[in-house]
Structure formats: structure tokens, C-alpha cells
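Written below as C-alpha cells is the structure these notes are about.
We number each residue from 1, following the sequence as shown.
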Amino acid sequence: MAQSEKLAQKLKQLPKQPGIYLFKNAKGKIIYIGKAAVLKNRVGSYFQKTRDRDYKTRLLIGEITNLDWIEVDSEVEALFLESEFIKRYKPKYNINLRDDKHWIYIRIPIKDEFPVVTYVRRPMDDKAEYFGPYTQGDAVRKAMRHLRKIFPYVTHQTMPKRGCLHYHIGLCPGPEEGATTSAEYKRSLRKLMMYLRGQKAKLIAQLEKEMARAARRKDYEGAAGRRDQLYNLYSLSKQMIFKDKEMFDLTLDQALVGLADRLQMQGLPKRIEAYDISHLQGTDNVASMIVFQDGIPNRQEYKRFKMRLKGNDDFAHMREVIRRRFSGTNLENWAKPDLIIIDGGKGQLSAALGVMEESGITIPAIGLAKREEEIIRQADNLFESILLPRDSHVLHLLQRIRDEAHRFAVTYHSLLRSRRQTGSQLDTVPGVGPATRKKLVKSFGSVAGVKQASVEELTTIIGAAKAKTVKQYLI
């Protein structure tokens with residue numbers, strides 16, 4: 001198929017920079033999203049006539065009539081941005097990347113005594129720090145291998161009895177050998193986390209200050225260690241830079257531009273907050289607040305609320321969470337959103353708007369009703385309904401945000417319900433108080449684990465008398 005003049009001009013303008021590219025069909029719909037270390041080379045390769053191609057690729061090329069691209073600083077940044085845009089726009093030729101099983105997150109449980117750095121497919125609401133998602137695990141692991149040389153970290157799930165191989169080659173701090181304390185190890189991990197968040201300049205400034213302080217104290221070994229870390233950071237390839245917040249021209253994000261236009265906003269909604277309520281027949285009521293910054297989830301800003309009001313009243317709970325969000329120190333310390341999304345219809349939106357009006361808060365807010373994917377907003381004291389086409393980029397963005405708020409709320413609700421059910425069973429055992437319950441669950445993983453434990457195993461944890469009582473009551 002001959003290239004259109006418009007497409008030919010676009011191909012000539014492609015930069016030699018990393019980024020993502022968006023192929024479009026004649027209707028302007030995005031049909032494929034990819035990433036590239038060098039945009040000009042990768043995109044140009046699709047249109048080389050001598051290349052052997054599979055059937056799917058030939059179909060794709062036959063539909064391409066236009067393209068856009070977004071430049072980023074590194075190939076790893078392109079990994080993250082590609083996965084987010086694929087999830088939002090759902091291009092038909094990105095079949096292999098549509099579901100979460102292909103994504104990878106870096107998990108750091110910083111509150112543990114000696115946090116173990118691992119890779120997971122899905123983040124949990126377990127107070128660990130998560131970085132991602134990334135669509136290509138091999139590239140992420142390669143980047144982390146480089147970073148581990150600068151900031152050694154633990155990967156073994158069970159503490160070995162003697163120094164592991166990684167300790168002897170400088171990749172593990174060696175807690176099993178007493179080579180580091182928990183506090184020292186966590187200080188190093190926090191530096192790694194700064195890098196993963198894209199705070200490279202801030203990290204370098206901090207290391208320079210630490211090096212200078214160590215030199216003044218005549219701690220030449222400490223100063224040399226910081227010097228080596230700085231040297232290695234400077235020498236890292238650009239491909240090793242991570243960012244949780246992507247920096248790009250937001251006007252290229254069709255969904256954000258379309259959303260601002262549809263809601264008649266003065267500027268782009270750079271910070272979007274979404275709220276959802278979760279409960280089971282009025283028990284374990286919780287609310288979630290999630291944040292999308294520049295069209296991308298900013299998990300550092302997520303908040304969760306345990307509802308103080310009891311019962312099954314979504315409207316009252318929505319009023320409570322909005323009131324708590326826009327009062328006291330939260331109003332002062334949390335950044336102000338450009339747009340609020342309420343998971344629900346007219347009732348939930350009205351409840352939120354009522355609280356905001358009482359508090360003097362004037363922020364655009366909309367509801368998204370699940371049944372018809374209907375957008376609800378208030379204009380001139382009247383509620384209006386907006387129905388967008390199912391393939392609308394704006395609707396895909398709103399669904400993405402709403403679903404993330406729902407996921408975060410349900411995860412917290414499930415955690416509270418699990419804790420309550422666990423506690424209620426052990427509460428029936430006489431002589432077993434909070435400290436003993438905590439010790440049992442920690443040792444055996446769950447009440448089910450406690451039930452399966454033998455009297456001898458229980459005795460080693462809580463003593464013979466309590467072990468016998470627990471066994472009798474949990475049969």
C-alpha cells in the first residue's frame with residue numbers, strides 16, 4: 001500500500017530519541033502502540049519493503065494512515081508509558097499486552113526489618129512500596145542489576161546461616177553476616193527508591209553532602225563509598241533511568257485533551273482524584289482516593305479511609321470521605337485536584353458536591369455510573385448526562401481511573417474483613433489476648449495455619465498450657 005503524503009512527512013520528522021509511537025487508521029483511531037529506543041529506526045522499520053512480515057503485521061501496516069509519538073528520556077521510561085497507554089486506549093493490534101499478567105512491578109517492603117526486593121505481577125495493599133508497571137520484565141531486571149551494584153539489596157526470602165554468594169560479590173549488604181544494620185540497609189534502600197521515582201538530581205545532591213560530611217569527620221572510607229556511588233550513577237546509561245511520573249507533552253495525550261474539552265475546562269486536568277466506597281452489607285466500610293497525575297497513576301498519593309459511619313449508606317459514606325479529604329491538615333498538605341471523579345451516579349455525586357459547597361471548595365466533579373457508563377455532571381444547578389461512544393479515548397481514561405479506585409477500595413475492604421474474621425475466631429479462646437493472637441498468626445500465617453499446627457508446635461510459641469487451650473477451642 002502506498003504511503004500517504006501525510007504519513008511520509010511524519011516519518012521524516014521522527015526523532016532519534018526513545019519514546020512510544022501510536023499508529024492510527026483512517027478514522028484517527030489508535031490501532032497500535034509500541035515503544036522504541038530510537039523512534040526513527042523502530043518506526044521506519046515497519047515501512048521497509050524488503051522485510052519479511054507475519055500476517056498480523058501486514059494487516060497492521062495496511063491500516064496505518066497516520067502516526068504520533070511521545071519522546072521520553074529513556075527506554076525504561078518508554079516501557080512504563082507504553083503499558084499505561086495500551087491499558088487506556090486498548091488498540092486492537094496490542095492483543096498480547098491487554099491483560100495484567102504481562103506486567104511487572106518492583107516490590108520493596110520498606111517496613112520489614114531487612115526488606116527483600118522482589119518482582120510481582122500485581123501490587124497488593126500491604127504497605128509495601130511498588131514501582132511500575134513495566135511491560136518487559138527482562139529490561140527491568142537488567143536495569144536493576146546495574147542499580148544493585150550501587151545500592152546492594154537483599155533478594156533471599158529466607159535468611160541464610162552464612163554470607164550468600166551475592167554478599168561476597170558485593171550485591172547483597174549481608175545482614176546474615178552482621179555486615180549491616182536494619183537502619184543502615186534501609187537508608188541505602190531509600191536512595192534506591194529515590195532513583196526509581198526519578199529523583200536522580202536530588203539523590204546526587206544528597207550523596208555529595210554525605211561525602212563532604214564524611215570527609216570533614218575524617219571518615220575516609222565512608223567518603224570513598226559515596227564517591228564510588230556518585231561515579232557509578234554518573235556513568236549509568238540513560239537507559240537505566242526510572243521515573244514513576246512521565247514527563248511529556250500532555251497535549252499529545254488525546255484522552256486528557258478530549259476530557260478537558262468535553263467538560264469545558266480552562267486547562268488540562270493534570271491531577272485527577274477518584275473516590276469509591278466498598279463494604280459488605282454495611283460492614284467493614286472503607287473508601288479509596290486514588291490519584292492520576294498527568295494521566296498516569298501516582299500511587300505515592302493514594303489514600304484509604306476506614307469509615308466512621310456504620311451501616312449501608314453509600315451517600316453518607318461519600319459525604320464523610322469528601323469531608324475528611326477537604327478538612328484540617330489534609331486540605332493544607334494534599335495537593336489540590338483539577339478534577340474529581342466519583343464512582344456512582346447522581347446520588348453519590350450530589351452527596352460529594354454538597355460537602356464541597358459547604359466547605360467552599362470549587363473543583364470540577366463528575367460521576368461515572370457503571371450501568372451505562374454514563375457521565376454525570378452538574379451545570380446551572382441541574383444534572384446532565386453525557387454518553388460517549390464505547391471506543392472513546394475519554395471514556396477509556398475515565399473507566400481506567402474508576403476501575404483503579406474500585407480495585408484499591410476492594411483490596412482495603414478485603415484486608416479489614418480478613419482481619420476481623422481472624423480476630424473473631426481467636427477471640428473465643430480464653431486466656432488468649434491481643435499479643436498472643438498476633439504471635440500465633442505471625443508464626444503460622446493465619447488462623448487456618450494455627451488450626452493445623454500440632455500441640456507441640458503451638459507449645460514452642462505460646463507455652464504448653466495455652467497451646468492445649470487453643471487446640472481445644474479451634475478444633
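With His406 contributing its side chain and Ile401 its backbone, the two residues share no donor-acceptor pair below 3.5 Å. Checked by atom type and distance alone, the side chain of Asn330 pairs as donor or acceptor with a backbone atom of Arg324 at under 3.5 Å. Panel note: side chain Arg377, backbone Leu263; a donor-acceptor pair is recorded below 3.5 Å. Using a distance-only test at 3.5 Å, with no hydrogens or angles considered, a donor-acceptor pair links the side chain of Asp338 to the main chain of Lys270. At distances below 3.5 Å, not a single donor-acceptor pair connects side-chain atoms of Glu63 with backbone N or O atoms of Leu60. Judged by distance alone, with hydrogens and angles left aside, the side-chain atoms of Tyr130 form no donor-acceptor pair with the main-chain N or O of Arg299 at under 3.5 Å. A donor-acceptor pair under 3.5 Å is formed between the side chain of Glu320 and the backbone N or O of Arg308. The backbone N or O of Pro297 sits nowhere less than 3.5 Å from a side-chain atom of Glu404 that would complete a donor-acceptor pair. Not a single donor-acceptor pair under 3.5 Å links the side chain of Arg42 to the backbone N or O of Lys35. Between the side chain of Ser188 and the backbone N or O of Tyr185 there is no donor-acceptor pair closer than 3.5 Å.
We find the CZ-OH distance between Arg400 and Tyr89 to be 12.5 Å, quoted to the nearest 0.5 Å. For the atom pair CD1 of Ile277 and CG of Asn312, the computed distance is 11.0 Å after rounding to the nearest 0.5 Å. In this structure, CG on Asp276 lies 10.5 Å from CG on Leu368, to the nearest 0.5 angstrom. Atoms CD1 and CD1, on Ile340 and Ile322 in that order, are 5.5 Å from each other to the nearest 0.5 Å. Taking CG of Leu397 as the start and CG of Leu388 as the end, the distance is 11.0 Å to the nearest 0.5 Å.
Checked for salt-bridge contact, Lys10 and Asp68 meet the test: a charged N lies under 4.0 Å from a carboxylate O. In summary, Glu210 and Lys191 engage in a salt bridge, as defined by a charged side-chain N under 4.0 Å from a carboxylate O. Ion pair Arg402/Glu373 flagged as a salt bridge, since at least one NZ, NE, NH1 or NH2 atom sits closer than 4.0 Å to an Asp/Glu carboxylate oxygen.
Of all heavy-atom pairs spanning Leu11 and Leu67, the tightest one is CD2-CD2, 3.8 Å. A pairwise comparison of heavy atoms in Trp69 and Gln13 identifies CZ2-O, 3.7 Å as the closest pair. Ile33 and Ile30 get closest at one heavy-atom pair: CG1-CG2, 3.7 Å.
Classified by interplanar angle (parallel below 30°, tilted 30° to 60°, perpendicular above 60°), the ring pair Tyr21/Tyr32 is tilted. The aromatic rings of Phe47 and Phe23 sit perpendicular to each other, their planes meeting at more than 60°, with 30° as the lower class boundary.
Residues that satisfy the salt bridge (charged side-chain N to carboxylate O under 4.0 Å, His left out) test with Arg271, not counting sequence neighbours, are Glu273, Glu301. When the ring pair (Phe, Tyr, Trp, His ring centres under 6.0 Å) test is applied to Phe292, no partner is found at least two apart in sequence or on another chain.
Put simply, the side chain of Phe151 does not reach to within 4.5 Å of the side chain of Val117, judged on heavy atoms.
By the 6.0 Å contact criterion, CD on Gln266 is open, its count of non-hydrogen atoms from other residues, nucleotides or ligands being 12 or less.
Judged by the 6.0 Å and 45° rule, Arg325 forms no cation-pi pair with Tyr275.
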